[in-house]
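Given the structure is predicted, the values throughout are model-derived calculations rather than measurements. Whatever order the structure lists them in is the order used to number ligands and atoms, beginning at 1.
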Amino acid sequence: MFKNNKKPGRILPTLKFMFGIMLREKPWFIVIYAVMGLATAVTSVAGIVFPKLIIDELVAMAGGDLQAHIINAIVWAAAFMGVLVLAGVINAVGNAVQDVLREWFAEYIDIKLAERAMEMDFQHTEDPDALDKLNKAQEGMSWYSGGIMGITDSAYRLAVNAVTAVTGAGIIIFTCPWLLPVQIISLLLIAWLQSKINTIEQKSFVKLSKFNRIFGYVFWQLSDFRYGKDIRLYDSADMMNRKAKYYSDKMCDVWKTESHDERKMGWGMDIINSLRDGISYFYIGYLAITGAVTIGDFSMCIGAAGMLYFSLNGIIDSIQGIVNKCNYAHRYIEFMDYPAAMQKGTRRVTGGDHTIEFRNVSFKYPRSDKWVLRNINITIDQGEHLSVVGLNGAGKTTFIKLLCRLYDVTEGEILIDGVNIKEYSDEEYRKLFAVVFQDFSLFAFSLRENISFSDDSKNDPAINEVIEKCGLADDVSKLPDGLGTMMFKSFDENGTELSGGQKQKTAIARALYKDAPVVILDEPTAALDPVAEYDIYRQFDTLVGGKTAVYISHRLSSCKFCDRIAVFADCTIKEYGTHDELAGKPGGIYAEMFAAQAQYYNV
Ligand code: ADP
């Protein structure tokens, strides 16, 4: 599982991707990087060359030649200060710009990721592999790599360190050449230990990502007020706390192992560093005592050795940083390129009447061997109202998901106006349907936005028409800000919490407002009281008008209002006909279900 973690093939494409975004969105920032890099490199070199010049002048002054050298010493000192001040100003301005851009790019990446997640094939949203990849993309592109700026910063540091390393090496070669192999050998050893630390961290990342996702899920359920009722009434907080603790312990175990393994590498690094410093001081001290170098050279050599060491270290660190960060960030690119599960068509949907046909359709969910639907054959004509009934798990919702092309059929085909639905463009195809699923979502926006999903529906009379039709007008008039009232209290203390029935009416209003030719309602009245339910059914014809309507219902009395009924059982359509035909069929499934319900309802 871990073998493929570090793929060299990921580095260049990731760098190209990151710099591509930077050059496309903020090209001027490359100039800022260049100026900052130059200032940093000049400061490092100045930090070892100017002290040498000043010390040599001071030694000469101490030797008695005060007059000639004092001016030189002052000039060098002033020049040194000038370089430091200028570089300080350049870096301060550059860092401030960098901080702002870091936030900008982080948001840019989040928005692109969210857009991609939204446009992915629906089936991926129920696929643990895709969810895991999404999580890794989010984490890999933020905490672990530092995002776009995390990677471009490492590339910038690599360039700066390369310049200072070459300068430091040049100074050492001309003044104290044996320091070069000492620095290089110690550095290679440290780099080797560092690469071991990086491998340990990569392995932990893969393990942590999964635990983190599950822990995060449980944690958010516990801290989300909306789940408060279920958690309290079912006393499930203990069970959920235990789960959260279990995964938190798992994460701690991973961290403990990681820090234990890393500590051993840290000790090795400390020993190598001490040895290198001891040998360097001994060697340069010997050169100074024997008169092979001046006191100024001694100071410069110590400085150049330090600069070379830190620059080479910086180079290796930056390269490892780039490799590491690209490996994490590449998960973002992988997610952005997640392969489509469904064939995309381009055909446009024509206006006018539409006929829907399921022809020998069979279906299994991805990663499952179980047939959920077998040989479904049904035609739904324009304007027809079809009721879909059956026991739980009979495949009714799956039938709707296939019709909406949230999944593709495993066998057979679904045709609209005689054309396989795979040939239509997704965007065009989805315009055909207004669907209310059982698990519809309302968002923490205004009621109006929840119905219209539009910013400029304020003066649209259609919105008042649909709330009137759905029996929601009275409820809306009692809300503090009418249709402008915010849902939930997440962002507005005057936000409202609608009742289950009001929420369901809102979802129906949303479907009607879309004004699509086919209306699909999955148990549209489950949360309504009997009077509201009766009203919805009584007005069903007015509500959906001449549109085609498919709805799933457990309340069989509602089927009377429909043209046809399809009874799902044993993975297929077992009975099909009008209410009168099916209710009168001796021993029929529908007849039995209807008779059973008739005992409780006066139908
Ligand atoms: P109904 O709407 O009639 O209650 P569903 O269509 O929801 O039935 O489910 C039919 C069968 O498909 C059930 O056995 C259910 O467990 C299974 N199923 C539903 N959704 C998925 C899914 N995303 N992955 C795998 N199996 C699923």
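Ion pairing between a basic and an acidic side chain is recognised when a charged N comes within 4.0 Å of a carboxylate O; Arg430 and Glu427 show no such pairing. Electrostatic pairing of Asp249 and Lys245 counts as a salt bridge here, judged by a charged N lying under 4.0 Å from a carboxylate O. Taking the charged nitrogens against the carboxylate oxygens, Arg331 and Glu334 have no contact shorter than 4.0 Å, which rules out a salt bridge.
At a 4.0 Å heavy-atom cut-off, ligand 1 touches Val372 through the side chain alone. Residue Leu391 touches ligand 1 through its backbone alone, judged by heavy-atom distances below 4.0 Å.
Using a 4.0 Å cut-off to heavy atoms of Asn392, the atoms of ligand 1 that qualify are 4 (O).
When all heavy atoms of Lys325 and Ile151 are compared, the closest pair comes out as CB-CG1, 3.6 Å.
Partner Leu386 forms a side chain to side chain contact (heavy atoms under 4.5 Å, CB included) with one of Ile565, Ile356, Ile378, Ile520 and no other, that one being Ile378.
The protein non-hydrogen atom at the shortest distance from atom 16 (O) of ligand 1 is Lys370 NZ, 4.4 Å. Scanning the protein heavy atoms around atom 23 (N) of ligand 1, the nearest turns out to be Glu126 OE1, 2.8 Å. Here the heavy atom of the protein found nearest to atom 2 (O) of ligand 1 is Thr397 OG1, 2.7 Å. When hydrogens are left out, the protein atom nearest atom 5 (P) of ligand 1 is Thr398 OG1, 3.6 Å; that is the closest non-hydrogen contact. Closest to atom 24 (N) of ligand 1, if we only count protein heavy atoms, is Tyr365 CG, 3.4 Å.
Taking 4.0 Å as the cut-off, Gly395 counts as a neighbour of ligand 1 on heavy-atom distance. The shortest heavy-atom distance from Gly393 to ligand 1 is under 4.0 Å. Under a 4.0 angstrom heavy-atom cut-off, Gln123 registers as lying outside contact with ligand 1.
In summary, the side chains of Asp522 and Thr397 do present a donor paired with an acceptor at a separation below 3.5 Å, with no hydrogens or angles considered. Defined by atom type and a distance below 3.5 Å, a donor-acceptor pair is present between the side-chain atoms of Asn324 and Gln202. Counting only N and O atoms by type, the side chains of His385 and Tyr551 include no donor and acceptor under 3.5 Å apart.
Within a 4.0 Å radius of atom 11 (C) of ligand 1, the protein contributes at least one heavy atom.
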